[in-house]
Amino acid sequence: MSVMVNVNGQLADQARAVIPVFDHGFLYGEGIYETVRTYNGVPFLFDRHMQRLRTSAAMIALPIPLTDREISERFDATVAAAHLGRDGHEAYIRLLITRGVGELSYDPAACPTPSVVIIAKPHVDPPAEAFALGVKTTIVSIVRNHPATVNPLIKSNNLLNCALAMQEAYTRGAFEGIMRNVHGELAECSTANLFIVKRGTVLTPPLDAGLLAGVTRAFVLEIAAALGIPAREQTLHDTDLFHADEAFLTSTTRELLPITTVDDQPIGGGIPGPVTERLLTEYRRRARALTARL
Ligand code: PDD
């Protein structure tokens, strides 16, 4: 197993994979990305990630030079070259598409050809104890981008907003930083979406609070509906989180991870709750079932 990178169709190992400094992804952070992981060696919810990729691209007027099928073929080639996707070695796959190489100008016409990079490396699960005990989080002072600035619906390579939030969380010894929007409502974590459970109902902030439309978030809402667990979007404030019976975060690489502490205050009983555990079990069952090879 190793790390392999596909730059515009050419495979290279980690040390040799390069992008020109005149790429506007580097110069201006102009680009979008998706993080996908495999179960059973198969990229999970691939179609949904491609749909979001195209939404992000449209929001920055970036043409995607490949079909979903071509992207899928490049994923497979890159994962195989890294000796991943078999014998139980799951892959983390990051697809980045940038504006491409061009003169120093914000004019998209300066860059005729987008750059397409795919990174495949071993997927690493969060430690078992994070699932067993839950994680420590903190509400950070960095505010999530207002949708009228850089809309959080764009899965942008320009991650400074989230990086600064996470820096604050690191300094407080927390696993994740929870961000509010400009109105003081809870939005999402720096690299994950946020959920609470109150009196048996699963609640998550609405997209118009200003957050990424997480693929895992949507999948979890569907699972809750299928299990007959009430679930909906609702505007949430700090007090809702502190008084929640359970809380958890969701992301492609971390599935559903219980949040048991916020700013040193235990949530619920300070241990992962039953609704979170039920949803996680069903999430994993479906992930395996949907990727099972015949
Ligand atoms: N992060 N919110 C933010 C700001 C994110 O960066 C992510 C994902 C999510 C969850 O989205 P999804 O369920 O589609 O993974 C929410 C990925 C894993 C990353 O940055 O690598």
Side-chain angles (χ1 to χ4, degrees), residues 23-36 45-66 68 71 94-100 102 105-111 114-117 139-169 176-195 203-221 232-238 249-254:
D23 193 295
H24 285 206
F26 177 73
L27 287 172
Y28 307 132
E30 266 197 86
I32 54 167
Y33 78 105
E34 282 295 322
T35 299
V36 183
L45 301 178
F46 176 80
D47 292 349
R48 297 184 189 211
H49 283 281
M50 291 306 107
Q51 212 168 23
R52 185 172 63 188
L53 179 80
R54 289 178 196 282
T55 302
S56 297
M59 290 176 81
I60 66 165
L62 175 71
I64 303 230
L66 300 173
D68 287 4
I71 292 173
R94 193 178 184 100
L95 165 66
L96 304 95
I97 305 187
T98 71
R99 184 76 64 197
S105 162
Y106 288 147
D107 185 353
C111 304
S115 303
V116 181
V117 173
I139 301 176
V140 297
S141 66
I142 297 286
V143 169
R144 189 73 175 108
N145 286 337
H146 187 281
T149 59
V150 178
N151 195 327
L153 287 175
I154 305 166
K155 197 161 171 60
S156 164
N157 286 339
N158 188 327
L159 287 164
L160 205 45
N161 182 223
C162 296
L164 291 176
M166 197 58 204
Q167 278 179 25
E168 199 172 316
E176 252 294 2
I178 298 169
M179 302 167 84
R180 305 184 188 97
N181 65 17
V182 74
H183 306 296
E185 301 155 357
L186 297 175
E188 61 177 332
C189 303
S190 72
T191 64
N193 289 113
L194 175 70
F195 284 76
L203 300 168
T204 193
L207 294 183
D208 61 15
L211 49 103
L212 183 73
V215 168
T216 319
R217 173 185 181 276
F219 200 66
V220 165
L221 288 172
R232 60 168 194 272
E233 295 181 327
Q234 185 174 297
T235 301
L236 299 175
H237 295 93
D238 293 12
L249 58 83
T250 61
S251 90
T252 295
T253 50
R254 286 169 300 173

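For reference, positions follow the sequence shown, starting with 1. No hydrogens, no waters, no symmetry mates; every other heavy atom, side chains included, goes into these values.
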For [X], check side chain to side chain donor-acceptor pair (under 3.5 Å) against everything at least two apart and list the hits.
X: Ser105; answer: none
X: Glu30; answer: Arg99
X: Gln234; answer: Arg232
X: Asp208; answer: none

- Message: Between His49 and Leu95, does the side-chain contact (heavy atoms from CB on, under 4.5 Å) criterion hold? Intermediate values first, please.
- Response: CA-CA 10 Å; His49 283 281; Leu95 165 66; over 6 Å; no
- Which pair of heavy atoms, one from Arg254 and one from Ala192, lies closest together, and at what distance? NH2-CB, 3.7 Å
- Closest heavy-atom contact between Lys155 and Thr35?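 Heavy-atom minimum between the residues: CE-N, 4.1 Å.
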- Less than 4.5 Å apart, any side-chain heavy atom of Pro114 and any of Leu62? yes
- Task: Please test Val220 against Thr204 for side-chain contact (heavy atoms from CB on, under 4.5 Å), starting from the C-alpha separation and ending with a verdict.
- Result: CA-CA 10 Å; Val220 165; Thr204 193; over 6 Å; no
- Message: Tell me whether the count of non-hydrogen atoms from other residues, nucleotides or ligands lying under 6.0 Å of CZ in Phe26 goes above 12.
- Response: no
Return a table of donor-acceptor pairs under 3.5 angstrom between the side chains of residues 156-163 and protein atoms on other chains or two or more places apart.
{"unit_1": "Ser156", "atom_1": "OG", "unit_2": "Asn158", "atom_2": "N", "d": "2.8"}
{"unit_1": "Asn161", "atom_1": "OD1", "unit_2": "Arg144", "atom_2": "NH1", "d": "2.7"}
{"unit_1": "Asn161", "atom_1": "OD1", "unit_2": "Asn145", "atom_2": "N", "d": "2.9"}
{"unit_1": "Asn161", "atom_1": "ND2", "unit_2": "Val143", "atom_2": "O", "d": "2.9"}

- Task: Would you please name every residue forming a salt bridge (Lys or Arg N to Asp or Glu O under 4.0 Å) with Arg94, sequence neighbours left out?
- Result: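 If we apply the salt bridge (Lys or Arg N to Asp or Glu O under 4.0 Å) test to Arg94, skipping adjacent residues, there are no hits.
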- Task: List for me each residue that meets salt bridge (Lys or Arg N to Asp or Glu O under 4.0 Å) alongside Asp238, sequence neighbours excluded, and say none if there are none.
- Result: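 Only Arg180 meet the salt bridge (Lys or Arg N to Asp or Glu O under 4.0 Å) criterion with Asp238.
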- Item | Residues which pass side-chain contact (heavy atoms from CB on, under 4.5 Å) with His237, listed by chain and number, not counting sequence neighbours |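 Partners of His237 under the side-chain contact (heavy atoms from CB on, under 4.5 Å) test: Glu185, Thr235, Thr239, Asp240.
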- Task: For side-chain contact (heavy atoms from CB on, under 4.5 Å), just list the numbers for Ile64 and Ile32, CA-CA rounded to whole Å, side-chain angles, deciding distance to a tenth of an Å, and then say yes or no.
- Result: CA-CA 10 Å; Ile64 303 230; Ile32 54 167; 4.2 Å; yes
- Item | Within residues 51-61 or reaching into it, pairs that qualify as salt bridge (charged side-chain N to carboxylate O under 4.0 Å, His left out) - sequence neighbours excluded | Glu34-Arg52, Arg54-Asp68
- Query: Is the backbone N or O of Ala169 less than 3.5 Å from a side-chain atom of Glu176, with the two atoms forming a donor-acceptor pair by type?
  - Reply: no
Please table the atom pairs, donor to acceptor, closer than 3.5 Å between any side-chain atom in residues 209-217 and protein atoms at least two apart or in another chain.
{"unit_1": "Thr216", "atom_1": "OG1", "unit_2": "Thr252", "atom_2": "N", "d": "3.1"}
{"unit_1": "Arg217", "atom_1": "NH2", "unit_2": "Pro205", "atom_2": "O", "d": "2.9"}
{"unit_1": "Arg217", "atom_1": "NH2", "unit_2": "Glu233", "atom_2": "OE2", "d": "2.6"}

- Task: Please name all residues satisfying ring-ring contact (aromatic ring centres under 6.0 Å, His included) with Phe219, sequence neighbours left out, ordered by chain then number.
- Result: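 Listed in chain order: Phe44, Tyr283.
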